[in-house]
Amino acid sequence: MAVYSQWNLRLPYPTHPVSGRRIAPADALAEDTVSHARNVQQLSRSSARAPAPPETSPYVLVYGGSTACGAIALQMIRKSGFIPVCTCSPHNFAMVKELGAEEAFDYHSPTCGDDIRRYTSDTLAYTFDCITDLGSMRICYTAMGRAGGQYMGLDPIPLRGHTRRNIKPDYVLIYTMFGKEVQSPRPFGRPARPKDRAFAEGWYRSTQVLVDTPGEVRPHPLDPSSDDLEGVVKGLDRMRKGDISGVKLVYELTR
């Protein structure tokens, strides 16, 4: 869910403006979803330094491939020369495959992790978990090959879910990209990380070309509403009921 407003936040480093290009508010919000790809920065930095030819590329599992972050991750992983596979609900299989997933698996299935492990021939070494709870972590750990690898979440890792020593778990806190101390309670607070800022600068410069080129990156499907802030409350209730799948809720502020 996101709220688009007329005020833009200035990034703390130079960006590349797009001359002569006007973007409607809703479209701008959809395209801004590309910035969610920075959530794979830790995975990219550690495992995707140089794209490999498709025939020799390792698999990357995206748990939650039909989420806004997952949908963008699928595209960026594919463009990096890797082979994405993902989990999602069956009614979103066609969508995630159009976005680049080689195969999709139903996370409701009790054999989901084993099915992924067989499909990737016991070689899966990288997972990107867009849900990050005990259930999703269990499937990711089951899916990863016997040699282990790296697990990346979007929230603090449930320690009870870390059941394999040969898997290195971590999670992304995107605020470190600003190069300043994150003054938040544990486990979010952390000192400034200049390397994260340097990586973010390079990441934004390289991905801006994709954002500016029509058709290169598909934004997430939108479910727009003009109900203002009242609609946000309704949207939160829909999310609590599990009524949102494969779309991004958008609420444009009119007053």
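Here the side chains of Val250 and Ser225 are not in contact, with every heavy-atom distance at 4.5 Å or above. The closest side-chain heavy-atom distance from Lys97 to Glu103 is below 4.5 Å. The shortest side-chain heavy-atom distance between Ile157 and Met137 falls under the 4.5 Å cut-off. Here the side chains of Ile139 and Tyr63 are in contact, with some heavy-atom distance below 4.5 Å. Within the 4.5 Å cutoff, no side-chain heavy atoms of Tyr171 are placed close to those of Asp155. Taking 4.5 Å as the limit, some side-chain heavy atom of His220 sits within range of a side-chain heavy atom of Lys248. Between Tyr59 and Tyr126, the closest side-chain pair of non-hydrogen atoms is not below 4.5 Å. In this structure the side chain of Met144 reaches within 4.5 angstrom of the side chain of Thr127, judged on heavy atoms.
One hydrophobic cluster, built from ILVMFWY side chains closer than 4.5 Å, holds both Met152 and Phe188. Transitive grouping of hydrophobic side chains (ILVMFWY, heavy atoms separated by less than 4.5 Å) keeps Val233 and Leu249 in distinct clusters.
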Begin from the C-alpha positions of Arg197 and Glu201 and carry the test side-chain contact (heavy atoms from CB on, under 4.5 Å) through to its verdict.
CA-CA 6 Å; Arg197 170 170 172 150; Glu201 289 186 28; 3.0 Å; yes
Give the intermediate values and the outcome of side-chain contact (heavy atoms from CB on, under 4.5 Å) for residues Val85 and Val60.
CA-CA 6 Å; Val85 295; Val60 179; over 6 Å; no
Test log, rule side-chain contact (heavy atoms from CB on, under 4.5 Å), inputs Arg218 and Gln75:
CA-CA 8 Å; Arg218 287 178 53 183; Gln75 298 175 75; 3.6 Å; yes
Hey, mind stepping through Tyr251 and Leu229 against side-chain contact (heavy atoms from CB on, under 4.5 Å) and telling me if it holds?
CA-CA 7 Å; Tyr251 298 93; Leu229 289 177; over 6 Å; no
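Side-chain contact of Thr176 with Asp196: a donor-acceptor pair under 3.5 Å is present, judged by distance alone. If you check the side chains of Glu102 and Tyr119, you find a donor sitting under 3.5 Å from an acceptor. Judged by distance alone, the side chains of His162 and Tyr151 never bring a donor and an acceptor atom under 3.5 Å apart. A side-chain N or O of Ser245 and one of Asn92 form a donor-acceptor pair less than 3.5 Å apart. For Thr111 and Ser109, the side-chain atoms include at least one donor-acceptor pair closer than 3.5 Å.
The pair Asp115-Arg118 meets the salt-bridge criterion, with a side-chain N (NZ, NE, NH1 or NH2) lying under 4.0 Å from an Asp/Glu carboxylate O. A salt bridge does not link Lys234 with Glu230: none of the charged nitrogens is closer than 4.0 Å to a carboxylate oxygen. Salt bridge Asp223/Arg238: present, at least one basic N to carboxylate O contact under 4.0 Å.
Nearest heavy atom pair, residue Gly65 against residue Leu74, reads O-CD1, 3.7 Å. The minimum heavy-atom distance between Leu61 and Ala143, with the atom names listed, is CD2-CB, 4.0 Å. In terms of heavy atoms, Asp106 sits closest to Pro90 at OD2-CG, 3.5 Å. For the pair Cys86 and Ala101, the tightest heavy-atom approach, listed with the atom from each and the gap, is SG-CB, 4.1 Å. Here the closest non-hydrogen pair linking Ser89 and His108 is OG-CE1, 3.7 Å. Of all the heavy atoms in Met177 and Ala200, the pair that sits closest is CB-CB, 3.5 Å.
With rounding to the nearest 0.5 angstrom, the CD1 atom of Ile116 is 13.0 Å from the OH atom of Tyr107. We find the OG-CG distance between Ser136 and Asp133 to be 4.0 Å, quoted to the nearest 0.5 Å. For the atom pair Ser184 OG and Leu173 CG, the distance stands at 7.5 Å (nearest 0.5 Å). Once rounded to the nearest 0.5 Å, the distance linking CG of Leu99 with CZ of Arg78 reads 11.0 Å. Going from atom CG of Leu134 over to atom CZ of Arg138 covers 6.0 Å, rounded to the nearest 0.5 Å. The structure places OG1 of Thr123 at 10.5 Å from CZ of Arg146, a figure rounded to the nearest 0.5 Å.
Put simply, the side chain of Glu216 never gets that close to the backbone of Asp212: no donor and acceptor are under 3.5 Å apart. Put simply, the side chain of Thr87 gets close to the backbone of Gly64: a donor and an acceptor are under 3.5 Å apart. Proximity of a side-chain donor or acceptor of Thr213 to a complementary backbone N or O of Leu210 within less than 3.5 Å is not detected.
A 6.0 Å sphere centred on CZ of Phe93 holds more than 12 heavy atoms belonging to other residues, nucleotides or ligands.
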